[in-house]
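What follows is one structure encoded as structure tokens, with my remarks underneath.
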Number of protein chains: 2
Amino acid sequence: MKVLPEKTVERLSEYRRALIKCLDSGQTHIYSHQLAKLLNLTAVQVRRDLMFIGYSSLQRKGYDIKALVDLIVSILDAKEGLNIAVVGMGNLGTAITSYFTGKRSRLNIVAVFDIDQKTIGKAFNGIACYNISELKKMVQEKNIKIAILTVPPNVATQTANDLKEAGIAGILNFTTVPLHIGEQIYVEDYDMVTSIEKVAYFVKNK
Amino acid sequence: MKVLPEKTVERLSEYRRALIKCLDSGQTHIYSHQLAKLLNLTAVQVRRDLMFIGYSSLQRKGYDIKALVDLIVSILDAKEGLNIAVVGMGNLGTAITSYFTGKRSRLNIVAVFDIDQKTIGKAFNGIACYNISELKKMVQEKNIKIAILTVPPNVATQTANDLKEAGIAGILNFTTVPLHIGEQIYVEDYDMVTSIEKVAYFVKNK
DNA sequence: AATATAGTGTTATATAAATAACAATTTGTT
DNA sequence: AACAAATTGTTATTTATATAACACTATATT
């Protein structure tokens, strides 16, 4: 299968969680318009996304939820799972770590990093915090592929370079600093200042 | 001026912050390609965005940074500022609150809410935490227009309804729960599970 | 058995966003 | 003064995404 559109990937992630909820409540089949309603989408959108991933329903009985979830799993998740590190254990890093751990998933936070001696050595939801100077060593040792970057802005660029150096393949960047880091590393930025300013603008103008 | 494209609004927020940094370092003018480079964009993209907001440079001298910032301010910010509440003071709510306060801006967090008696009454970065049952009263009293929603998933829907009832105009939704809340309220969703799964997918497939 | 209904899968169209193309303008250079 | 270089503002094109249109199929209904 060729690479999916970004937006479809995003929705697949959402479909999966919605579908798992349905499964948990005993539902076995679902129509496109039902799934659409759960996520505030249209039925066409759902069907089109499922077309992209080549899933077919039993005509007129809706989609087999279990089978669909399995398919999404096979598309989104790496077979052996992917190891993740959180870099920068301030409030946000801590929040994210506690948010992710416990959720059964093939994405595992296996290490967290900080620069502060008071934080290093502590455990966050059972995950050890290492000195950021050990980044390269630990990334290799624990086969970490993705970093969630939650350091203060003034060290963001340097840390991103360290991550590149360490051989990371993807970064979820929560700092407000744009990273100039080349094409080899997949970077997804999330800027909450922008988000809130956007809400403010559209509240004002809609 | 008519309503701007979403993506342009997002970039305006980023332009502003980058430009303020330039100002702080004493720079007075900037070329489109310089600004583009700061944010990993192209010069054309920058010029097109500035076209949308009707800004003109002094030909061949680049943009007057101060004037441009003022223009962006006039577009993005409400004249009197907009008051914000954070609802749900777990790790994430706390992180966001400390992240936003102190930043001089016309977006002010003026109240935070929680349901836990141990949290209610505490101050977060100097902002009082109220019982969520006082939502409506406080929203009116403090003229709160926007809510940042960081409650646990099981109470997300109910809380969103309470916010609607209280007269909120916009929500930045950090819960993973889709809100079915009608058109009157502008909702911006951010789902970090989706974000990280997206990074994982593209790391695997690019 | 013929017809209607509800739902799907896919192609076609519309909208949004990014990129490219280029004329216009100012400054510098000969 | 003529020309080249750099940069802008805008229109045109391309690409990405969402929406609409519709033929197809299984089931239900008469």
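Lettering follows sequence order; numbering is per chain, from 1.
One finds no side-chain N or O of Arg47(A) lying less than 4.0 angstrom from the OP1 or OP2 phosphate oxygen of dC24(D). A close approach under 4.0 Å does not occur between any side-chain nitrogen or oxygen of Tyr31(B) and OP1 or OP2 of dT26(C). The side chain of Ser56(A) contributes no N or O atom lying less than 4.0 Å from OP1 or OP2 of dT8(C). Between dT19(D) and Gln45(A), a contact under 4.0 Å exists linking OP1 or OP2 to a side-chain N or O.
In this model, no donor atom of one side chain and acceptor atom of the other lie less than 3.5 Å apart for Asn83(A) and Asn143(A). Side-chain atoms of Asp49(B) and Thr8(B) form a donor-acceptor pair, as typed in the model, at a separation below 3.5 Å. For the residue pair Gln158(A) and Asp162(A), a side-chain donor N or O sits within less than 3.5 Å of a side-chain acceptor on the partner.
Residue whose closest nucleotide on DNA chain D sits further toward the 5' end, between Lys61(A) and Ser32(B): Ser32(B).
Atom P of nucleotide dT8(C) and atom NE2 of His33(A) are separated by 7 Å, given to the nearest angstrom. Atom pair His29(B):NE2 and dT7(D):P shows a separation of 14 Å (rounding to whole Å applied).
Here dA18(D) is the nucleotide among dA21(D), dT7(D), dA18(D) with the atom lying nearest to any side-chain atom of Lys7(A).
Cation-pi geometry between Lys198(B) and Tyr201(B) is not met: the NZ or CZ atom fails to fall both under 6.0 Å from the ring centre and inside 45° of the normal.
A donor-acceptor contact under 3.5 angstrom links the side-chain atoms of Arg48(A) to the base of dT19(D).
Counting non-hydrogen atoms under 4.0 angstrom, Phe52(A) reaches nothing in the nucleic acid.
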